[in-house]
Amino acid sequence: MPDALHIGSGKVRELYTLGDDRLLVVASDRLSTYDVVLPTEIPDKGRVLTGLSAYWFTRTTGLVPNHFVALRSDGRSLECIRLTMLPIEFVVRGFLAGSGWVDYQATGAVCGHRLPQGLRESERLPEPIVTPATKSSEGHDLNISEQEAAALCGPVDYAAAREAALALYAYAAVHAEACGIVLADTKFEFGLDRDGRVTLGDEALTPDSSRFWPLEGYTPGRPQPSFDKQYARDWCAETGWDRTEPGPELPADVVAGTRARYVEAFERLTGLPFDQYVADPERVLCA
C-alpha cells in the first residue's frame, strides 16, 4: 500500500496513516481470547469484522457520527477519520452474562449497578446498563465504575458517549432479534473529531466486540450457545490454560467451528451471503 504508512498494531488490527486526518484500519484473522492473541488464525475473520462494522456504520449515522469513510476492495480494510480516542471502552449489557454474571453472583451488582435479586444467568436485565472498562493494548481490560469513567473522559464527553452507546445498543438489539439473534452485550469505543464531537470509532457490533446468541432456544438460567468467539474461548478454558502468554494452538475443528459462527452472524445480520461480500465488499453498504 504505497499510500499508507504503518503506525501501530493492535491485538487484531493493523493501523496505517493516510495523512494528517485519515487512518487505514486493517482487520487481520488473529483471534484474541482473554486478552491474549492466540497463535492460530481464523480464516476470513478479519473480513467478517470489517464487513459487519461497515454495515453498522452506514446504518447508524443518524444516531451518532462515526469514523467510517470507505471500504476497500480487500474486504478487510476501512478508511477512517482520525479521532482522539476516549480512554475507556463502553460496554452495554442487556443480559446477565460473562463477567457481569460473575460479579452479580458475588455482590448483587455489576460495575456499581445494583440489580434486582434472583436474576438468573443469561436473563434479560430490566434495562440495558453501561459498564465501562479501561483499554489495554497488553494484559486484561479492567471494569470500572461510571464515576471513574466520567473522571477519565470528562463528564460532558462521557455523558454524550454513554447516551450514544445506549442508543446504538437499542437500535442493534431490535435489528438482531429480527434476524434471529439476541444481542446480549457489546462494546463501543468513541473518540473526538476535529470539532470536538463524540464520534463512534474502532469496530461496531461484531462477533469480536459482542455476545451474540441464537434467539431460537434461548433459555435463561444457563449459558447460551453463541455466534461469537465464545466457542473458541470455551475450548481454551477446557484445556486448563492459565490465560497467560502463550495461548494454545487451536485444533482444526475449533478453527472451522469458529469461522462458521462468525460467517453465520455476518449472514444473518446483513442478509448478504458471505461469498458475495468477498467478491464485492461494497455490496454490504446497501444490503
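As the structure is a computational prediction, the values presented were derived from the model and not from experiment. Every heavy atom of this structure was used, including side-chain atoms; hydrogens, water molecules and symmetry mates were not.
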Kindly give the heavy-atom pair with the smallest separation between Y218 and P220, and that separation in Å.
OH-CG, 3.4 Å
Can you list the residues that meet the side chain to side chain contact (heavy atoms under 4.5 Å, CB included) rule with T33, with sequence neighbours excluded?
L31, L38, R233, C236, W241
Ignoring hydrogens and angles, tell me if any N or O in the side chain of R30 forms a donor-acceptor pair with the backbone of V12 under 3.5 Å.
yes
Side chain to side chain contact (heavy atoms under 4.5 Å, CB included) between V110 and R93, worked out:
CA-CA 10 Å; V110 178; R93 303 175 187 269; 4.0 Å; yes
Would you say that more than 12 heavy atoms from the other residues, nucleotides or ligands in this model lie under 6.0 Å from the CZ of R124, or not?
no
Kindly say whether A204 contributes a backbone atom to a donor-acceptor pair with the side chain of S53 at under 3.5 angstrom?
yes
Interatomic distance, L200 atom CG to L168 atom CG [nearest 0.5 angstrom]
6.0 Å
Looking at the rings of F188 and F90, which for Trp means the six-membered one, are their centres under 6.0 Å apart?
no
Going by chain and number, the hydrophobic cluster around I81 (ILVMFWY, side chain to side chain under 4.5 Å) further includes V69, L83, M85
Non-hydrogen side-chain atoms of L5 and Y16 separated by less than 4.5 Å:
no
Say whether, by atom type as modelled, one donor and one acceptor occur between the side chain of R162 and the main chain of V130 under 3.5 angstrom.
no
Would you say the side chain of Y169 lies within less than 4.5 Å of the side chain of P128, judging by non-hydrogen atoms?
yes
Hydrophobic clusters here meaning ILVMFWY residues chained together by side-chain heavy-atom distances under 4.5 Å, can you tell me if W101 and L183 are in one?
no
Pairs meeting criterion side chain to side chain donor-acceptor pair (under 3.5 Å) with involvement of residues 276-287, two or more places apart
Q276-R283
Please examine the side chains of N143 and S99, heavy atoms only from C-beta on, and report whether any two atoms are closer than 4.5 Å.
yes
Partners meeting salt bridge (Lys or Arg N to Asp or Glu O under 4.0 Å) with E123 (sequence neighbours left out)
R120
Between the side chain of E267 and the main-chain N/O of F274, is any donor-acceptor distance below 3.5 Å?
yes
Can you name the closest pair of heavy atoms from R268 and G180 and give their distance?
NH1-O, 3.0 Å
Does a donor on one side chain sit under 3.5 Å from an acceptor on the other, for R76 and T50?
no
Ionic contact status for D193 with R82, cut-off 4.0 Å
no
Other than V174, which residues form its hydrophobic cluster under the rule that side-chain heavy atoms must be closer than 4.5 Å?
none
Within a 6.0 Å radius of atom CD on E249, are there more than 12 heavy atoms belonging to other residues, nucleotides or ligands?
yes
What residues, two or more places apart in sequence or in another chain, satisfy side chain to side chain donor-acceptor pair (under 3.5 Å) together with D103?
none
Is there a chain of hydrophobic side chains (I, L, V, M, F, W, Y, each step under 4.5 Å between heavy atoms) that links L96 to V182?
no
With sequence neighbours excluded, residues passing salt bridge (Lys or Arg N to Asp or Glu O under 4.0 Å) with D44:
R47, R259
Separation between CG (D253) and CG (L250), nearest 0.5 Å, reads 9.5 Å
Under the side chain to side chain donor-acceptor pair (under 3.5 Å) test, residues paired with D21 that sit two or more places apart:
none
Is it the case that the side chains of E121 and Y104 hold a donor-acceptor pair, with the cut-off being a distance below 3.5 Å and no angle test?
no
Are E79 and R72 close enough for a salt bridge, meaning some N to O gap below 4.0 Å?
yes
Hydrophobic cluster membership, with links at side-chain heavy-atom distances under 4.5 Å among I/L/V/M/F/W/Y: are V263 and V254 in one?
yes
Minimum heavy-atom distance A4-L18, with the two atoms named
CB-CD2, 3.8 Å
Approximate separation, where rounding is to 0.5 Å, of D157 CG and L86 CG
6.0 Å
Worked verdict on T61 versus N66 for side chain to side chain contact (heavy atoms under 4.5 Å, CB included):
CA-CA 7 Å; T61 54; N66 62 64; 3.4 Å; yes
Under the side chain to side chain contact (heavy atoms under 4.5 Å, CB included) test, which residues partner P87, sequence neighbours left out?
L152, C153
Are the side chain of K229 and the backbone of S32 linked by a donor-acceptor contact shorter than 3.5 Å?
yes
Within 45° cone of F227 ring axis and under 6.0 Å: R261 NZ or CZ
no
Check whether any side-chain heavy atom of C80 sits under 4.5 Å from a side-chain heavy atom of R22, and report yes or no.
no
Can a donor-acceptor pair be found, under 3.5 Å and without considering hydrogens, that links the side chain of S122 to the backbone of R222?
yes
Could you tell me whether the side chain of D29 and the main chain of E41 form a donor-acceptor pair under 3.5 Å?
no
Taking every heavy atom of P251 against every heavy atom of W235, the minimum-distance pair comes out as CD-CZ2, 3.3 Å
Is there a donor-acceptor contact under 3.5 Å from the side chain of D275 to the main chain of V278?
no
With rounding to the nearest 0.5 angstrom, report the CG to CG distance, L78 to L24.
8.0 Å
Tell me which pairs pass side chain to side chain donor-acceptor pair (under 3.5 Å) where either residue lies in residues 205-214, with sequence neighbours left out.
K45-D208, D185-R211, T186-S210, E203-T206, T206-S209, D208-Y262
Quick one: list whatever passes ring pair (Phe, Tyr, Trp, His ring centres under 6.0 Å) with H175, sequence neighbours left out.
Y55, W56
Set of residues satisfying side chain to side chain contact (heavy atoms under 4.5 Å, CB included) with respect to L15, sequence neighbours excluded:
I7, V25
Minimum heavy-atom separation for P65 to R197, with atom names?
CG-NH1, 3.9 Å
Can you list the steps and then say if V92 with I129 is a side chain to side chain contact (heavy atoms under 4.5 Å, CB included)?
CA-CA 6 Å; V92 184; I129 59 174; over 6 Å; no
For residues Y158 and F190: do they belong to one hydrophobic cluster (side chain heavy atoms under 4.5 Å, members Ile, Leu, Val, Met, Phe, Trp, Tyr)?
yes
Answer yes if V26 and L23 sit in the same cluster of Ile, Leu, Val, Met, Phe, Trp and Tyr residues linked by side chain heavy atoms under 4.5 Å apart, and no otherwise.
no
With a 4.5 Å cut-off on side-chain heavy atoms, are V36 and T244 touching?
no
Side chains of H67 and F57 in contact at under 4.5 Å (non-hydrogen atoms)
yes
Between E148 and S145, is there a donor-acceptor pair closer than 3.5 Å when you use the side chain of the first and the backbone of the second?
yes
Would you say that Q224 contacts F95 through its side chain, given a criterion of any heavy-atom pair below 4.5 Å between the two side chains?
no
Nearest-0.5 Å distance that lies between atom NE2 in H113 and atom CD in E127
9.5 Å
Apply the test side chain to side chain contact (heavy atoms under 4.5 Å, CB included) to residues L192 and T199: give CA-CA distance (whole Å), side-chain angles for both, the deciding distance (0.1 Å), then the verdict.
CA-CA 6 Å; L192 305 179; T199 302; over 6 Å; no
Just wondering, do P225 and Y231 contact through their side chains at under 4.5 Å, heavy atoms?
no
Are the side chain of S9 and the backbone of E14 linked by a donor-acceptor contact shorter than 3.5 Å?
no
